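Notes follow the structure.
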There are 2 protein chains.
Amino acid sequence: MASRSPASYERFSAQNLVVLAPLRAGLADSKAELAKLTGLSPSTVAARVDELIGLGHVVEVGDGVSRGGRRPRRLALRRDAGIVGCVDLGIDRTSIGLVDFSGELVSRSDIHLDIAEGPDRVLGRVWDECQKLVAADERHARLFLRGLSVGVPGPVSRVDGRVIAPSRMPGWNGVDVARLLGDISGVPVLVNNDANLMALGEFASGDRSQPDQVFVKAGSGIGCGIIARGELFVGSRGAAGDISHVAVLDAAPVPCSCGRVGCLDALASGNALVREMQNSGREVPNVEAMIALARDADPVATRLLREAGTMTGGVLATIVNFFNPDRLVIGGVLSQSEVFVAGVRSTLYAECLPMATGDLTIATPARPDDCGLLGAGTAFLDRMFSEQGV
Amino acid sequence: MASRSPASYERFSAQNLVVLAPLRAGLADSKAELAKLTGLSPSTVAARVDELIGLGHVVEVGDGVSRGGRRPRRLALRRDAGIVGCVDLGIDRTSIGLVDFSGELVSRSDIHLDIAEGPDRVLGRVWDECQKLVAADERHARLFLRGLSVGVPGPVSRVDGRVIAPSRMPGWNGVDVARLLGDISGVPVLVNNDANLMALGEFASGDRSQPDQVFVKAGSGIGCGIIARGELFVGSRGAAGDISHVAVLDAAPVPCSCGRVGCLDALASGNALVREMQNSGREVPNVEAMIALARDADPVATRLLREAGTMTGGVLATIVNFFNPDRLVIGGVLSQSEVFVAGVRSTLYAECLPMATGDLTIATPARPDDCGLLGAGTAFLDRMFSEQGV
DNA sequence: GGAACTTTGTTTGATTATGGAATAAGGTTC
DNA sequence: GAACCTTATTCCATAATCAAACAAAGTTCC
């Protein structure tokens, strides 16, 4: 959440933001609609729009269809007014992408990168790769890279922006990623937890009429992001959504890295499942292989994935009752396993009251591979198009 | 959450609200402070304040202390600019109070009232009692009752404001309390769940620097209210916070009214505890008697209360990990039992990571008997002093 | 084909909100 | 008592906004 702004960018005035917000959200696409939505007079809207056109942030994109009178001249955000470099740092694989001002992914690159190499080497490599992406496209080369937005596989303090006790990121404890990458790149940098950004990405590219959502990232570890009232919720410290060490009902006493036994992460995460397979005498290289085995009806893999789904669903049942979200999204690698998702679903419906699940949508991500990067972009753009700025 | 406004009240302009908000929150008490806080120029602040003084909502209350120059003329909200009738509907006891514009309780009355008598009789009686309160105080009799704010011991739909499937309120299912009471009284009425309002009351009369709080009402039933980013969170449907039917770890298979077994409400609520006592051959009339027994070191009562605390703490552990609140308040009758509270506390600290509980305050309500009424008042005033109005 | 109506967009002058600077009022400090 | 500080007020310039009239570009229906 923290940011450093080595090359701070112009901030939008509150007045312009009133007009920009509906355009960005797709709630209005003409001056008349803007006037209706904002309550401003037509003349005021015209003045604001003219200024934004002059600034190069809004463009007229032809005529709309008439609704019984003069047809509207359609307005849109200039998506190529700039780009944001988005990074989804993983344990051994990192995705880097460029997102335009409309929030859409315009290019991406996936590289193998061991996070244990440490912040300096990893972030240096990330910046190199990002510059390559910018240079690769003739169009982008002329565009202004407004900043970077990074998701990391561990908790990020909201107080000082540092990575806190990341169990899967040796050498990163207490590191101020925003500052480090800001110094390397010279552009503003935002940092957040990866599951939080995936939640935001899935929300922003999906149905915004469901303002309360929970996104579970069931990957090698288990994380979770919360959207409350249409905004990312991270709590005062930034650690909200961390369900790794929630105790599981009727669980086997498997020891966890946190020192206790029976944590969700120690039982139902991708890592835990691979370990369990090996304990059963079945060597699998990774979760993906295990999911493939389950698809081929391997009994052990199927059972373990189903059980993991059940355990995850049990924890989510409490959360659904408590938070009562409109939508629950099951993401991460494990969400590619039908057995796992079925386990989550059936447990949720069994353990929640109909009142809580009646209007609840349970889904997998619309764009499983992109939601992390899209969320990083959304986080940056939401802030840039706010009074705070970047 | 729903309201009907048979006698709608003047709405504050957005400009006046900018000045009113800091005054109400106690963040500023002079023109200079207002100017600093809002970023407005001194002349603008003066104009706004003058208007509010003219409207009778702000008063000058003498001089403040100098900080090295001319001393400020202290400003304050006129607390006697009006009153709000607040109601905390219980199963067999109802509290009614009057709250002034500063949010403080100025008078109250507790009456025995069986909620099973049905909406018409109960609400009629409530309105009678409220009018008595207003008439009782010479000062209030001249004041304007701006509206009513009611807490009910069951879920309230945010969509249509109706009471939904309230297990403890026979005859109230689907009732639009706001409309009914609005028709009876002729003033605007707000309705919300009682635990939600208690959370709000405890938050508003306490430390507002802790914006994320969870309030557990452990009474004859178990409810819960959520404050997120300093505002009451009820979810899209209004049912957020309902943890009655969350499954308890390692629970006895006690059947619940919802049709399942092992729900928190069936195991750890006041009703459940009284039933358990009776099953052990010990007749107790109510939870209060049981708590008294535990204070006298009765082994059965003590064990049951401790176990109830442990079970409640187990459920809250998941919630604390997920929501990561700044503060957790244990309220309701059961919070008067030290054994119960100790059970919750010890379980929470045992089952949560230090990261989640390190900065977490666990407390009982500052004003256990008042927080429901105070919350009702806050809900009404917050809305009245917002652009929405009542 | 044309009159009547609709919706969208623009122009104009009046109104209102706000900011800035100068000034006054009432203090403290040394 | 001189210098300085904080708070409040006044007055005028400026910026933002609105209301209303008007223009533009459609549709509808006889």
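Letters go in sequence order (proteins before strands), and every chain restarts at 1. Only a predicted model underlies this, so the values are computations on that prediction, with no experimental measurement involved.
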Taken to the nearest whole Å, CD/A:E60 to P/C:dG9 is 9 Å

Sidechain-backbone polar pair: B:D382 side chain, B:F385 backbone, donor-acceptor under 3.5 Å: no

Nearest whole angstrom, please: distance from the P of C:dA24 to the NZ of B:K31. 18 Å

Are A:F203 and A:R327 packed together at the side-chain level, in the sense that at least one heavy-atom pair is separated by less than 4.5 angstrom? no

Measure from CZ on A:R73 to C1' on D:dG26 and round the result to the nearest Å. 14 Å

Go through B:R48 and B:E51 one step at a time and tell me if the salt bridge (Lys or Arg N to Asp or Glu O under 4.0 Å) criterion holds. CA-CA 5 Å; B:R48 297 271 70 77; B:E51 187 181 337; 2.7 Å; yes

Separation of C:dT16 atom P from B:E51 atom CD, nearest Å, is 12 Å

Would you mind telling me which residue lines up with the more 5' stretch of DNA chain C, B:P42 or B:S66, judged by nearest nucleotide? B:P42

Quick one: is C:dG19 close enough that its OP1 or OP2 comes under 4.0 Å of any side-chain N or O from B:T44? yes

Separation of C:dT8 atom P from A:D29 atom CG, nearest Å, is 10 Å

B:S41 has its side chain closest, among D:dA19, C:dT10, C:dG20, to C:dG20

Against the side chain of B:R67, the closest entry in C:dG9, D:dC18, D:dT6 is D:dT6

Please tell me if A:K36 has a side-chain N or O lying less than 4.0 Å from either OP1 or OP2 of C:dT7. no

If we only count heavy atoms from C-beta on, is the A:L190 to A:L148 side-chain gap below 4.5 Å? no

Taking the side chain of A:Q15 as its heavy atoms from C-beta onward, which of D:dA16, C:dG20, D:dT9 lies nearest to it? D:dA16

Under the 3.5 angstrom rule, does the side chain of A:D212 hit a backbone N or O of A:D326 as a donor-acceptor pair? no

Given C:dG9, D:dA8, D:dC18, which nucleotide is nearest the side-chain atoms of A:S43? D:dC18

Integer-rounded Å distance: C:dT18 P and B:L34 CG: 14 Å

Is A:R70 close enough to D:dC22 that one of its side-chain N or O atoms is under 4.0 Å from OP1 or OP2 there? no

Pairwise 5' ranking along DNA chain C for A:G68 and A:D50, keeping only the more 5' one: A:G68

Go through D:dT7, D:dG26, C:dT18 for me and flag the one nearest to the B:R48 side chain. C:dT18

Atom-to-atom span, CG of A:D63 to P of D:dG26 - whole angstrom: 7 Å

Side chain of B:R71 only, please: which of C:dG26, C:dG9, C:dG19 is the nearest? C:dG26

